Amino acid sequence: MSEPRHAMTSPFPARLDRVRNRLRNLGLDALAVSVGPDLPWLCGYEAMPLERLTMLVVPVDGPATLVVPALEAPRVNDRGDVTVRPWGEADDPIAIVDALVPRGAGVAIGDRTWARFLIEWQSRHGELRFERAQTVTGVLRERKEPSEIAVLQRAAAAVDGIAADLQSGTIPLVGRTEADVSADLSQRLLAAGHHRVNFAIVAAGANAASPHHEPGLRRIEAGEVVLCDFGGTMLDEFGVGSCSDITRCVWTGEPSSEVRDVYGVLERAQAAGVAAGEVGTACEDVDAACRRIIDDAGFGEFFIHRTGHGIGVEEHEDPYIVAGNRSVIEVGNAWSIEPGIYLPGRFGMRLEDIVVATEAGPLSLNRADHALAVVG
Ligand code: ZN
Ligand code: ZN
Ligand code: ZN
């Protein structure tokens with residue numbers, strides 16, 4: 001007997017209902033999302049970032065319509081949750097979208113929508129009231145469903161395996177360029193089941209003091225740090241992505257006692273950040289719990305970014321683990337804890353895991369070794 005093609009039921013009708021409830025609560029009439037992560041999250045279709053308009057319109061009462069360029073329509077899997085409305089090259093897609101919302105409506109418009117479409121729509125219908133879709137979808141997307149956590153977990157296990165290969169020396173480093181190792185990590189992300197690579201930062205020696213260093217032609221030498229921060233998007237059976245994101249540092253030769261000391265501070269700070277993520281804790285308090293340890297050790301000025309970011313269909317999304325964010329951790333939230341210590345011109349280090357909030361406490365999805373790793 002063959003297995004049913006979809007063991008799970010489609011998540012989209014329930015998500016569309018949650019959107020409608022949220023619109024109602026906010027006094028809005030419709031959600032209109034174009035390119036960006038809200039669209040696949042709501043219907044499993046990811047639009048190419050084209051000059052032609054793709055827009056999913058979800059009225060507060062009524063069926064959702066996906067307005068899509070006719071030539072893209074064959075890529076849209078019609079699952080019955082949304083009505084597909086293709087438009088031809090000579091049609092006016094703004095007029096088609098406009099006809100789907102009532103006059104004078106309050107519209108939550110996708111944050112990633114090209115400005116040209118919003119400006120054009122606005123200039124034709126000045127009475128429309130626009131808000132960011134983030135106010136509608138952000139709070140919904142940050143409360144992950146069990147099926148989403150399962151994919152986050154699968155993606156985390158995949159990058160853990162690659163991190164373990166870095167730490168064991170299975171992935172050669174010395175003599176290769178950062179760019180070459182980055183390409184290697186990217187290939188491994190795909191081989192491990194990711195649909196797409198989002199980034200593969202490789203930063204050697206003093207380059208590691210720049211948190212988002214662009215891997216270049218610098219050759220990795222013996223006796224230095226190699227910071228690797230990589231992740232991709234894994235798809236569920238409905239075509240919705242969940243992201244992985246991990247950072248580990250390895251040393252190509254015995255590190256100095258100073259490096260060991262600084263790494264010890266980082267490791268303690270990261271563990272404290274993970275442990276602080278109890279349900280009900282404010283995001284800024286999680287940031288503070290992690291930062292305090294680095295501050296107390298005298299490296300506060302070298303931890304130059306927030307402690308972490310939410311993660312899901314998007315690499316960086318709500319909730320942000322940053323000073324000033326008083327929103328509290330809820331069951332199902334997923335975020336990174338990634339403190340770093342960056343000593344300009346010398347070296348840098350960062351340690352990152354993805355954490356999920358459960359009733360039983362914060363659960364780190366990444367299990368790759370946290371200890372200082374020395375290879376070759
Ligand atoms: Zn980053
Ligand atoms: Zn990262
Ligand atoms: Zn991250």
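Note that these values count all heavy atoms, side chains included, but never hydrogens, waters or copies made by symmetry. Residue indices begin at 1 and follow the sequence shown. What you see is a predicted model; the values in this text were computed from it and never measured. For ligands, and for the atoms within them, numbers begin at 1 and follow the listed sequence.
Taking backbone and side chain together, E338 holds no N, O or S atom under 2.8 Å from the Zn ion (ligand 2). Taking backbone and side-chain atoms together, H316 has no N/O/S atom less than 2.8 Å away from the Zn ion (ligand 3). Under 2.8 Å from the Zn ion (ligand 2) lies an N/O/S atom of E352, whether from backbone or side chain.
Grouping Ile, Leu, Val, Met, Phe, Trp and Tyr residues whose side-chain heavy atoms lie under 4.5 Å apart, directly or via other members, leaves V328 alone, with no other cluster members. Grouped with Y320 in one hydrophobic cluster are V322, the linkage being side-chain heavy-atom contacts under 4.5 Å among Ile, Leu, Val, Met, Phe, Trp and Tyr residues.
Side-chain heavy atoms closer than 4.5 Å link hydrophobic residues (I, L, V, M, F, W, Y) into clusters, and following such links, possibly through other members, connects W114 to I96.
Of all the N, O or S atoms in D229, the one closest to the Zn ion (ligand 2) is OD1. The Zn ion (ligand 2) is closest to atom OD1 of D245 (considering only N, O or S atoms).
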Residues R112, E46; criterion salt bridge (charged side-chain N to carboxylate O under 4.0 Å, His left out); working and verdict | CA-CA 13 Å; R112 304 280 186 85; E46 185 165 353; over 6 Å; no
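No cation-pi contact links R75 to Y45, judged by a cut-off of 6.0 Å to the six-membered ring centre and 45° from its axis.
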